[in-house]
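Shown next, in structure tokens, is the structure this report addresses.
Keep in mind it's a predicted model, so treat the numbers as computed, not measured. Just so you know, these numbers use all the heavy atoms, side chains as well, and skip hydrogens, waters and symmetry mates. Sequence lines set the chain letters: A, B, ... in the order given, protein chains first and strands last, and positions in each chain run from 1.
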Amino acid sequence: MRRTHNCGELRATDAGKEVVLMGWVQRRRDHGGVIFIDFRDRGGITQIVFNPEHSPASHEKAQVIRSEYVLGVRGKVLLRPDDMLNDKMDTGAIEIMVDELKIFSHAETPVFPVEDRVEASESIRLKHRHLDLRRPQLQKNIMARHTASQAIREYLNDLGFLDIETPFLTKSTPEGARDYLVPSRVSQGNFYALPQSPQLFKQMLMISGFERYYQIVRCFRDEDLRADRQPEFTQIDMELSFVGEDDIMEITEGLIKTVFKKVRDIDVNTPFDRITYAEAMERFGLDRPDLRFGMELCNVSDIVKDTGFKVFASVVKNGGMVKAINAKGCINFSRKEIDSLTDFAAIYRAKGLAWIKVKEDGWQSPIAKFFTQEEKDVLAKRIDMETGDLIFFVADTPQITNEALGQLRNELARRLDLIDSNTYRFVWVTHFPLLEYDEMEKRYQALHHPFTAPLEEDLDKLDTDPLNVRSRAYDMVLNGTEIGGGSIRIHSQELQEKVLKTLGISEEEAHEKFGFLLDALASGTPPHGGLAFGFDRLAMLLCQEESIRDVIAFPKTQKASCLLTDAPSQAGVAQLQELAIKVVKIEE
RNA sequence: GGGGGCGUAGUUCAGUUUGGUUAGAACGCCUGCCUGUCACGCAGGAGGUCGCCGGUUCGAGUCCGGUCGCUCCCGCCA
């Protein structure tokens with residue numbers, strides 16, 4: 001018996017053919033006489049029929065068949081009678097009348113039915129991932145992911161990129177995320193770190209003269225998980241020599257265009273819009289703006305800085321910021337709805353959410369009485385208040401005001417159903433600040449990473465006004481989600497040393513941690529830059545899934561454990577001894 | 001590190017507010033019947049450590065304390 005077709009490809013035009021299908025039993029319907037089975041493989045589902053009058057032997061054998069049995073069947077493709085077509089199935093015009101049945105495997109009753117519409121809990125699904133992965137939806141996702149990765153390889157190969165592997169057992173880097181450590185047996189007491197990204201290696205490859213590199217590569221970060229974050233995740237990692245921002249943007253826009261076309265048959269328009277970080281923050285409050293709807297933020301700090309409403313005035317006087325958002329026509333929001341939005345803003349540390357309902361005869365608002373008529377007029381004009389509008393204000397530090405109001409903007413759009421889920425709106429965010437100040441550690445930190453080039457025109461501010469140095473970093477944002485980011489790198493040793501120094505990394509530490517890079521930079525380094533996409537997130541968006549776990553074959557739980565294999569687990573005494581590792585309990 | 005939700009039959013859930021007889025439903029499973037179903041139908045049946053540990057009580061799925069797990073979010077994630 002040799003398989004001739006898959007379960008998704010037979011059509012009315014195949015009627016009369018003798019075929020052999022192999023797959024799993026999706027569902028069995030036994031009528032006492034005739035038995036119908038929905039037969040599934042990765043190609044789809046076809047109905048197979050056991051008829052005691054047609055083939056008594058195979059019908060008899062079919063009595064024992066249950067869900068998820070694995071079968072091979074030989075039979076003839078028959079057109080179904082006109083009144084028995086199933087237009088919900090791709091193969092609904094035909095069925096296979098079985099002449100010969102081979103039962104390859106019996107199966108225990110599955111813990112949950114292998115069907116898309118069944119919603120088993122996530123932990124059950126992960127524990128029995130082999131069953132979960134049989135569900136057509138997950139099969140589709142994993143296949144779409146494959147299509148995407150192949151499209152990416154093909155596209156980059158054609159542009160002269162080389163796929164070059166980089167080490168997993170590598171060196172811990174300061175800055176950035178927590179590392180996963182791997183103990184060394186042959187060098188006891190020493191540890192490798194799994195790479196958070198191949199950043200330094202790809203720069204080394206540029207210095208080595210490979211000019212165009214890519215890798216679809218696993219990266220590891222020991223941080224807390226989210227619906228869109230796993231401890232090991234996949235990047236589409238790229239680096240190019242002799243290029244500037246425009247080259248990289250053009251190539252990666254083409255990459256995205258190709259992937260969306262091949263995976264979803266969606267035409268993405270290029271080039272993408274570009275917006276600076278400063279403009280994104282001003283208009284949307286976030287560095288990853290969702291441009292599918294308007295409702296932009298409005299800075300009113302200058303208007304309220306001397307107002308009688310002390311909360312606003314004092315925030316501005318202390319270097320804070322007051323911004324507003326106009327929920328057009330939302331005057332009918334109840335007190336309860338406004339309270340729930342206030343709670344929402346509080347998640348992002350906003351201490352309150354002031355509001356104004358714009359009525360025909362004036363403002364209805366707890367804060368209206370604090371404003372003079374003149375202030376009211378100026379505010380109304382700035383925020384474009386019209387009768388029926390509902391205005392929200394947040395007053396806090398610039399960071400909190402922007403974050404809270406930016407998130408509120410997204411939340412309002414969701415609640416007001418302003419978002420067309422079939423729209424794909426891409427935008428580049430550029431000119432990120434090079435540094436930010438870490439209040440906890442009392443020092444500057446790289447916003448992107450320490451190898452990002454400062455904007456040339458801002459170089460002189462590195463000593464005098466470091467926080468206002470802009471960088472040559474850029475993020476690709478899709479519908480309010482960052483899907484990729486990168487930068488033009490520093491290619492001069494002097495500048496690299498200077499930036500490391502600004503970051504408070506001593507010369508000694510710099511040479512210990514990055515000496516190899518600094519040496520390499522001095523050996524003749526081409527100008528270079530690159531970008532990395534979060535492949536899992538991209539796949540998630542392509543598959544229209546809510547969780548990254550639905551596009552990863554074997555994902556981990558929020559506690560970073562694998563319910564299938566039960567990793568992580570205790571190591572044996574002998575193993576630990578070999579590594580000279582002793583496990584100690586840490587008391588609270 | 002912090003906040004929210006969840007944990008009861010194989011699965012999804014109700015029951016927990018207000019402690020009280022034998023813990024229910026649907027789907028799935030098993031048995032029988034059924035020759036055109038496609039979420040087949042009909043009849044019958046089995047199936048429970050109410051996550052775990054401890055406490056209060058005459059009595060705990062229900063109240064209290066602890067603990068474990070899953071999930072969403074904040075912090076964190078250059």
Side-chain angles (χ1 to χ4, degrees), chain A residues 26-39 45-54 59 66-68 78 80-89 91-92 95 97 108-128 131 173-179 196-197 199-200 219-231 233 343-350 400 403-404 407 411 432-436 438 440 444-452 471 473 482 485-487 499 503 505 532 534 546-547 549 556-559 561 563 588:
Chain A
Q26 173 85 22
R27 187 177 283 278
R28 153 204 171 90
R29 290 178 295 277
D30 184 346
H31 285 251
V34 68
I35 298 172
F36 298 99
I37 282 173
D38 292 337
F39 199 44
I45 292 176
T46 295
Q47 175 166 279
I48 61 178
V49 187
F50 295 89
N51 190 315
E53 286 168 10
H54 179 80
H59 178 265
R66 294 293 181 272
S67 290
E68 301 308 313
L78 297 184
R80 296 199 197 180
D82 281 345
D83 55 338
M84 283 160 212
L85 303 178
N86 185 341
D87 50 18
K88 282 181 277 183
M89 293 170 74
T91 58
E95 62 193 6
M97 183 60 76
E108 287 174 6
T109 303
V111 173
F112 55 87
V114 177
E115 284 176 0
D116 285 337
R117 64 197 171 79
V118 165
E119 286 182 18
S121 71
E122 185 117 20
S123 47
I124 298 277
R125 288 176 50 201
L126 289 177
K127 188 167 178 186
H128 307 274
L131 287 179
T173 50
E175 309 253 335
R178 200 173 292 116
D179 287 314
Q196 296 177 26
S197 93
Q199 183 59 36
L200 290 172
C219 303
F220 306 85
R221 294 179 190 176
D222 186 6
E223 295 293 347
D224 288 347
L225 285 77
R226 290 282 191 285
D228 63 353
R229 257 166 39 192
Q230 285 272 308
F233 61 99
D343 292 343
F344 179 84
I347 294 172
Y348 302 95
R349 291 172 294 164
I400 290 178
E403 173 85 10
Q407 295 285 0
E411 177 68 10
F432 280 80
L434 185 71
L435 307 167
E436 60 188 346
D438 186 329
M440 301 284 281
Y444 295 108
Q445 269 196 354
L447 197 74
H448 189 56
H449 59 55
F451 318 108
T452 298
S471 73
E482 183 213 318
S487 63
V499 168
L503 290 169
I505 298 172
E546 298 286 319
S547 165
R549 294 185 296 273
K556 294 189 168 48
T557 71
Q558 198 160 37
K559 284 257 168 70
S561 65
L563 296 181
E588 296 279 316

Any side-chain heavy-atom pair of A/Ile35 and A/His59 under 4.5 Å: yes
Find the distance between CG (A/Leu126) and CZ (A/Arg549) and round it off to the nearest 0.5 Å. 7.0 Å
For A/Asp343, I'd like to know if atom CG has over 12 heavy atoms of other residues, nucleotides or ligands within 6.0 Å. yes
Atom CD of A/Glu223 to atom P of B/C76: distance rounded to whole Å? 10 Å
Does the A/Thr91 side chain pair with the main chain of A/Ile45, one donor and one acceptor, at a distance under 3.5 Å? yes
Reckon A/Ile124 touches a base, only the sugar-phosphate, or nothing at all at heavy-atom distances under 4.0 Å? sugar-phosphate
Do any side-chain nitrogens or oxygens of A/Ser123 fall under 4.0 Å of OP1 or OP2 in B/G69? no
To the nearest Å, how far apart are A/Asp343 CG and B/C73 P? 18 Å
Counting only side-chain heavy atoms from C-beta out, which of B/C70, B/G75, B/G36 sits nearest to A/Pro81? B/G36
For the base of B/C38, is there a side-chain donor-acceptor partner from A/Arg80 under 3.5 Å away? yes
Is a donor-acceptor contact shorter than 3.5 angstrom present between the side chain of A/Asp224 and the base of B/C76? no
Kindly compute the distance separating CD (A/Glu223) from CD (A/Gln230), expressed to the nearest 0.5 Å. 14.0 Å
Roughly how far apart are A/Gln445 CD and A/Asp438 CG, rounded to 0.5 Å? 4.5 Å
Rounded to whole angstroms, how far apart are CG on A/Asp38 and C1' on B/U37? 9 Å
Nearest to the side chain of A/Arg29, heavy atoms from C-beta on, is which of B/G36, B/C77, B/U37? B/U37
Considering only the P atoms, how many Å lie between B/C64 and B/C6, rounded to the nearest integer? 14 Å
Say we look at B/C53 and B/G15: how far apart would their C1' atoms be, to the nearest angstrom? 24 Å
Compare the ring of A/His31 with the six-membered ring in the base of B/C40 and state whether they stack (centres under 5.5 Å, planes under 30°). yes
B/G19 - base-pair partner by Watson-Crick or wobble geometry, distances under 3.5 Å: none
Roughly how many Å apart are B/C27 and B/C74, using the C1' atom of each and rounding to a whole number? 38 Å
Distance between C1' atoms of B/C77 and B/G5 (Å, rounded): 24 Å
Just to confirm, is there a sub-4.0 Å distance from OP1 or OP2 of B/C72 to any side-chain nitrogen or oxygen of A/Arg549? yes
Between CG of A/Asp30 and CZ of A/Phe50, what distance do you get to the nearest 0.5 Å? 11.0 Å
Can you tell me how far P in B/C70 sits from the matching atom in B/G75, rounded to whole Å? 22 Å
Let me know the distance between CD of A/Glu436 and C1' of B/C77, rounded to the nearest Å. 12 Å
Take the protein atom CG of A/Asp222 and the nucleotide atom P of B/C77, then report the distance between them rounded to whole Å. 12 Å
Output yes when a side-chain donor or acceptor of A/Glu95 lies under 3.5 Å from a complementary backbone atom of A/Arg80, and no otherwise. no
Can a side chain N or O of A/Lys88 be found less than 4.0 Å away from OP1 or OP2 on B/A39? yes
B/G10 P sits how many Å from A/Leu131 CG, rounded? 16 Å
Could you please name the partner base of B/U35, counting Watson-Crick and G-U wobble pairs only when both distances are under 3.5 Å? none
Less than 4.0 angstrom between a side-chain N/O of A/Ser561 and OP1 or OP2 of B/G69, yes or no? no
Given B/U35, B/C76, B/C70, which nucleotide is nearest the side-chain atoms of A/Arg226? B/C76
If you compare all heavy atoms of A/Ser471 against all heavy atoms of A/Leu434, which two are closest, and at what distance to 0.1 Å? CB-CD1, 3.6 Å
If you round to the nearest 0.5 Å, how far is NE2 of A/His31 from CZ of A/Phe36? 5.0 Å
Sugar-phosphate, base or nothing in reach of A/Glu95, heavy atoms under 4.0 Å: base
Tell me whether A/Phe36 is stacked on the nucleobase of B/U37, counting only the six-membered base ring and applying the 5.5 Å and 30° thresholds. yes
Interatomic distance at P, B/G45 relative to B/G54, whole Å: 37 Å
Any protein N or O atoms within reach of nucleotides 25-33 of chain B? Criterion: under 3.5 Å, listing atom names and distances.
from, atom 1, to, atom 2, distance (Å)
B/C30, OP1, A/Arg66, NE, 3.0

Is the shortest distance from a Lys or Arg side-chain nitrogen in A/Arg29 or A/Asp38 to a carboxylate oxygen in the other one below 4.0 Å? yes
Spacing of the P atoms in B/A9 and B/U35 (rounded, Å): 37 Å
Rounding to a whole Å, what distance do you find between A/Lys559:NZ and B/G51:P? 18 Å
Without swapping roles, check the side chain of A/Gln196 against the backbone of A/Cys219 for a donor-acceptor pair under 3.5 Å. no
In the structure shown, which nucleotide is the Watson-Crick or G-U wobble counterpart of B/G69, with both distances under 3.5 Å? B/C6
Take atom CG of A/Leu225 and atom C1' of B/C72, then tell me their distance rounded to the nearest Å. 13 Å
What nucleotide, of B/C76, B/C74, B/G36, holds the atom closest to the side chain of A/Tyr348? B/C74
On RNA chain B, does the nearest nucleotide to A/Thr557 precede the nearest nucleotide to A/Leu447 from the 5' side, or the other way round? Give the residue. A/Thr557
Taking N or O atoms only and anything under 3.5 Å, show me the protein contacts with nucleotides 42-45 of chain B, one pair per line.
none

Rounded distance in Å between the C1' positions of B/G51 and B/C68: 8 Å
Donor-acceptor pair under 3.5 Å, A/Arg229 side chain vs B/C77 base: yes
Nearest-0.5 Å distance that lies between atom NZ in A/Lys127 and atom CD in A/Glu122: 15.0 Å
Go ahead and name the base partner of B/C63; Watson-Crick or wobble counts if both distances stay under 3.5 Å, otherwise write none. B/G55
